[in-house]
Amino acid sequence: MLSLDVEHRLGDFDLAYALDSRERVTGLFGPSGAGKSTLLRLVAGLITPRRGRIEIAGRCVFDSDRGIRVPAHRRRIGYVFQQARLFPHLNVARNLRYGAWFARARPAAARFDRVVDMLDIGALLDRRVAGLSGGEAQRVAIGRALLANPAMLLLDEPLASLDAARKAEVLPYIERLSRESELPIVFVSHQLDEMLRLANRHVVALRDGRVVFSGKSAAFLARPDLLGPEHARDAGTLLRAEIRGTAAHGLSALDCEGQPLFVPRLDQAPGGRVHLHVRARDVMLARSRPEDISALNVLAGRVAAIAQDGDQAVEVTLAIGNQRLAARITRYSAERLALAEGEPLYAVIKSLALAEQAWARLGGL
Ligand code: ADP
Ligand code: MG
């Protein structure tokens with residue numbers, strides 16, 4: 001849905017981006033200063049690159065070779081920033097209608113109602129903007145962008161200015177938007193958890209004005225070198241599982257390749273498919289099925305690969321049915337277990353290790 005190959009220079013900042021995402025939702029990840037917002041500004045037409053080509057949802061909006069340059073206001077881009085940037089002198093309803101007016105796309109009442117409904121902002125319509133909480137303001141900003149009937153929605157760290165509670169309040173709405181609408185979305189974040197939860201298929205990682213990764217989020221998660229120092233410890237696997245039902249003690253029972261898994265309760269119906277983010281360092285390995293241990297999850301598999309990971313660590317890849325699970329253990333442990341490819345092995349994962357990452361439950365897969 002987003003394809004580009006551009007070069008540009010801003011002061012000292014030299015950038016060259018090439019990426020091609022066919023997914024409807026693309027996640028843009030990278031540390032502060034990597035050039036994420038600059039990439040969005042190029043897509044929106046707020047900056048014109050020195051050379052290159054930009055295609056949005058199949059439409060070419062810039063091509064220096066062919067002399068194509070669609071101006072920003074004709075690109076039909078919905079833009080949501082870190083700060084809501086609402087008009088303080090207008091109430092919520094008028095802010096929302098401004099979005100439609102700006103696009104000269106007088107929205108059908110049905111569309112207005114649908115957006116208001118989806119973001120759950122009906123009760124706020126008469127409120128003054130100044131009285132809104134950060135989370136409410138951000139929902140209104142998203143609504144305003146949607147009502148402009150955009151061809152693509154750019155969300156530039158929309159949660160970054162919110163505290164944890166507000167973030168938790170807004171996240172489900174963005175999640176819903178990314179799952180239920182047909183709209184191509186680019187979601188920017190420097191938080192891995194948000195990235196996995198919202199942009200669940202295609203991740204583009206930026207560093208110093210370059211694309212250092214563009215591909216499936218599962219492949220990205222396997223690359224501690226690309227995750228950056230802040231997230232290297234999160235490297236691991238996205239394990240596919242299906243919800244079987246709720247179990248006792250506040251747990252949900254899942255099925256993973258015919259084997260049971262228990263995680264703290266997920267609010268999804270049985271039959272729903274999820275991806276669980278399993279950190280490689282949270283996986284213990286055992287030669288025989290361990291009993292009398294507190295960990296609830298024991299997955300039987302076989303050793304598919306063993307790779308040295310620095311001086312002290314070894315990364316063991318287990319084949320569990322049709323899936324692969326990465327475990328990171330010390331070299332000493334690997335020697336003590338005398339691991340060899342092809343041999344049976346058990347992976348032990350605490351339920352709470354999955355709880356912490358319950359955000360990684362990904363819908364629609
Ligand atoms: P991110 O959104 O990933 O934090 P930005 O795209 O905002 O990063 O910025 C990337 C780099 O480009 C930064 O080093 C920033 O200082 C620089 N930059 C952004 N805009 C300009 C500009 N108009 N002139 C010069 N440098 C700029
Ligand atoms: Mg930015």
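When a ligand or atom number is given, it counts from 1 through the structure's own listing order.
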Exercise. Do we get Arg139 above Tyr173's six-membered ring, with its NZ or CZ under 6.0 Å from the centre and within 45° of the axis?
Worked result: yes
Problem set entry | NZ or CZ of Arg144 within 45° of Phe87 ring axis and under 6.0 Å | yes
Can you confirm whether [X] is buried at [atom1], in the sense that more than 12 heavy atoms of other residues, nucleotides or ligands lie under 6.0 Å from that atom?
X      : atom1 : result
Met284 : CE    : no
Gln312 : CD    : no
Asp208 : CG    : no

Tell me the protein heavy atom at minimum distance from [atom], and give that distance in Å.
atom                    : result
atom 18 (N) of ligand 1 : Leu10 CD1, 4.3 Å
atom 13 (C) of ligand 1 : Gly33 O, 4.1 Å
atom 7 (O) of ligand 1  : Ser37 CB, 3.8 Å
atom 5 (P) of ligand 1  : Thr38 OG1, 3.6 Å
atom 8 (O) of ligand 1  : Gly35 N, 3.2 Å

Exercise. With only distance considered, is Phe13 within less than 3.5 Å of ligand 1 through an N or O on each side?
Worked result: no
May I have the list of side-chain donor-acceptor pairs in residues 10-20 shorter than 3.5 Å, sequence neighbours left out?
| residue | atom | partner | partner atom | Å |
| --- | --- | --- | --- | --- |
| Tyr17 | OH | Gly35 | O | 2.7 |
| Asp20 | OD2 | Arg22 | NE | 3.4 |
| Asp20 | OD2 | Arg22 | NH2 | 2.9 |

For this session: Check whether the side chains of Glu157 and Gln82 place a donor and an acceptor atom closer than 3.5 Å, and report yes or no.
Result: no
Problem set entry | Sequence-distant partners of Phe262, ring-ring contact (aromatic ring centres under 6.0 Å, His included), two or more places apart | none
Problem set entry | atom 15 (C) of ligand 1 touched by protein (heavy atom, under 4.0 Å) | no
For residues 52-60, which side-chain donor-acceptor pairs fall under 3.5 Å, sequence neighbours excluded?
| residue | atom | partner | partner atom | Å |
| --- | --- | --- | --- | --- |
| Arg53 | NH1 | Ser3 | OG | 3.3 |
| Arg59 | NH1 | Arg74 | O | 3.1 |
| Arg59 | NH2 | Arg74 | O | 3.2 |

Exercise. Does the side chain of Ile185 come within less than 4.5 Å of Leu154's, by heavy atoms?
Worked result: no
Exercise. Which protein N, O or S atoms does the Mg ion (ligand 2) have within a distance shorter than 2.8 Å?
Worked result: Ser37 OG
Exercise. For Gly30, is the nearest heavy atom under 4.0 Å from an atom of ligand 1?
Worked result: no
For this session: Give the atoms of ligand 1, by number and element, whose distance to some non-hydrogen atom of Pro31 is under 4.0 Å.
Result: 3 (O)
